[in-house]
Amino acid sequence: MKKCPICNHNTKRIENGTLQSKYKTSNGCKDILVENLSYSQCEFCNEIFYNPDDLDNYEIQLEKALEKQRKGEHLLTAKEIKTIRKKYNLTQLQLELLLKIGPKNVAKWETYKSNQSSTIDKLLRNMNNDYCFFLKMLNDVEIKDFKNIISEHSFYLENISILELISKFYPDTDIKTISKEFIQYIGEVIANLLETKIEQKETLLKLKKAM
């Protein structure tokens with residue numbers, strides 16, 4: 001049995017233990033209940049010791065605890081936010097500019113240093129679930145900060161109104177799975193209908209004037 005390096009008393013091995021841990025956030029420290037931990041504990045002074053494998057497991061279990069807490073507040077987890085950001089190939093800075101928030105916030109959300117607000121959480125969910133919503137956000141940014149992203153989505157940005165129309169008729173369809181040819185075809189149909197309506201209006205005006 002190993003001795004405690006602090007008081008020289010015996011230590012006992014703990015498997016699947018639960019500890020209240022202090023986790024540093026941008027708003028100070030908060031208490032996190034971390035489960036499934038392995039460590040050694042002094043039977044006299046209660047000091048806790050981790051070996052390298054224990055520390056690796058601690059990091060995994062801490063993230064799970066933070067994830068559980070975030071979910072308990074009905075907010076996206078750090079992994080989910082990162083997945084949404086990567087889905088659109090955005091850097092952390094670009095996502096901040098898109099959401100119109102201050103710097104370093106996304107980094108804090110993705111490392112559990114702070115939680116996003118419910119308003120921001122809703123925006124992120126809308127971005128993830130509605131491609132047209134993302135395009136509208138992208139349409140409202142400084143081009144110089146998003147050149148690579150705008151270039152990637154340029155065709156869809158030019159056809160937002162058509163995409164929204166398609167989404168209404170096919171709400172369960174991923175827009176990006178629809179061929180560009182079909183989108184262009186719908187655009188041509190709409191343009192022809194509008195042109196026909198304009199011609200009809202002009203004809204009616206001429207008839208009224210003739211009468």
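Keep in mind that the numbers below use all heavy atoms, side chains included, and drop hydrogens, waters and symmetry copies.
When all heavy atoms are compared, the tightest approach of Cys45 to Cys42 is N-SG, 3.3 Å. Across Arg70 and Ala78, no two heavy atoms sit closer than the pair NH1-N, 3.7 Å. In plain terms, the two heavy atoms of Gln20 and Leu33 that are nearest each other are OE1-CD1, 3.1 Å. The minimum heavy-atom distance linking Phe182 with Ile178 is given by the pair CD2-CG2, 3.4 Å. Scanning both residues, Lys87 and Asn128, for their nearest heavy atoms gives NZ-O, 2.6 Å. Between Ile162 and Gly187, the shortest heavy-atom contact is CD1-CA, 3.4 Å.
The shortest distance between side-chain heavy atoms of Met127 and Met137 falls below 4.5 Å. The shortest distance between side-chain heavy atoms of Tyr156 and Ile183 falls below 4.5 Å. Looking at heavy atoms from C-beta onward, Pro5 lies in side-chain contact with Phe49 at the 4.5 angstrom threshold. Looking at Gln41 and Asn46, their side chains come closer than 4.5 Å, going by heavy atoms from C-beta outward.
Atom NZ of Lys82 sits in a sparse spot, with 12 or fewer heavy atoms from other residues, nucleotides or ligands closer than 6.0 Å. The neighbour count for Phe169 CZ, taken as heavy atoms of other residues, nucleotides or ligands under 6.0 Å away, does not exceed 12.
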When the side chains of residues 90-102 are checked against the rest of the protein, which donor-acceptor pairs come out under 3.5 Å, sequence neighbours left out?
from   : atom 1 : to     : atom 2 : distance (Å)
Thr91  : OG1    : Gln94  : N      : 3.0
Gln92  : NE2    : Glu110 : OE1    : 2.9
Gln94  : OE1    : Thr91  : N      : 3.0
Gln94  : NE2    : Asp145 : O      : 3.1
Gln94  : NE2    : Asn148 : OD1    : 3.3
Glu96  : OE2    : Lys104 : N      : 2.9
Glu96  : OE2    : Asn105 : N      : 3.1
Glu96  : OE2    : Val106 : N      : 3.1
Lys100 : NZ     : Asp140 : OD2    : 3.2

* **Ile149/Phe134 under side chain to side chain contact (heavy atoms under 4.5 Å, CB included): CA gap, chis, key distance, verdict** => CA-CA 11 Å; Ile149 307 299; Phe134 166 72; 4.2 Å; yes
* **Trace of the side chain to side chain contact (heavy atoms under 4.5 Å, CB included) decision for Trp109 with Ile120** => CA-CA 11 Å; Trp109 301 339; Ile120 291 294; 3.4 Å; yes
* To do: Check step by step if side chain to side chain contact (heavy atoms under 4.5 Å, CB included) holds for Lys79 and Glu63.
  => CA-CA 10 Å; Lys79 287 179 182 177; Glu63 184 167 341; 3.3 Å; yes
* Start with the C-alpha distance between His153 and Tyr88, add both sets of side-chain angles, then the distance that settles side chain to side chain donor-acceptor pair (under 3.5 Å), and finish with yes or no. => CA-CA 9 Å; His153 300 275; Tyr88 295 115; over 6 Å; no
* Asked: Could you go step by step and tell me if Asn129 and Asn126 meet the side chain to side chain contact (heavy atoms under 4.5 Å, CB included) rule?
  -> CA-CA 5 Å; Asn129 299 328; Asn126 287 339; 5.6 Å; no
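The distance from atom OG of Ser167 to atom OH of Tyr131, rounded to the nearest 0.5 Å, is 11.0 Å. Once rounded to the nearest 0.5 Å, the distance linking NZ of Lys71 with NE2 of His74 reads 12.5 Å. Interatomic distance, CD of Gln116 versus CG of Asp121, reported as 4.5 Å (0.5 Å rounding). Atom OG of Ser40 is separated from atom CG of Asn51 by 7.0 Å, given to the nearest 0.5 angstrom. For the atom pair CG (Leu123) and OG (Ser118), the distance works out to 10.0 Å, reported to the nearest 0.5 Å. Between Ile160 atom CD1 and Leu135 atom CG the span is 5.0 Å, to the nearest 0.5 Å.
For Asn57 (side chain) and Asn36 (main-chain N/O), a donor-acceptor pair under 3.5 Å exists by modelled atom type. A donor-acceptor pair is defined here as one N or O able to donate and one able to accept, closer than 3.5 Å; no such pair exists between the side chain of Asn10 and the backbone of Cys4. Using a distance-only test at 3.5 Å, with no hydrogens or angles considered, no donor-acceptor pair links the side chain of Thr77 to the main chain of Glu67.
With sequence neighbours left out, the salt bridge (Lys or Arg N to Asp or Glu O under 4.0 Å) criterion links Lys86 to no other residue. Arg13 meets the salt bridge (Lys or Arg N to Asp or Glu O under 4.0 Å) test with Glu15, Asp54; sequence neighbours excluded. With sequence neighbours excluded, the residues forming a salt bridge (Lys or Arg N to Asp or Glu O under 4.0 Å) with Lys136 are Glu164, listed by chain and number.
Taking Ile, Leu, Val, Met, Phe, Trp and Tyr as hydrophobic and joining them when side-chain heavy atoms fall under 4.5 Å apart, one finds Tyr58 in a cluster with Ile14, Leu19, Tyr23, Ile32, Val34, Leu37, Tyr39, Ile48, Tyr50, Leu55, Leu62, Leu66, Tyr112.
Sorted by first and then second residue, the salt bridge (charged side-chain N to carboxylate O under 4.0 Å, His left out) pairs with a member in residues 25-49 read Lys22-Asp31; sequence neighbours excluded.
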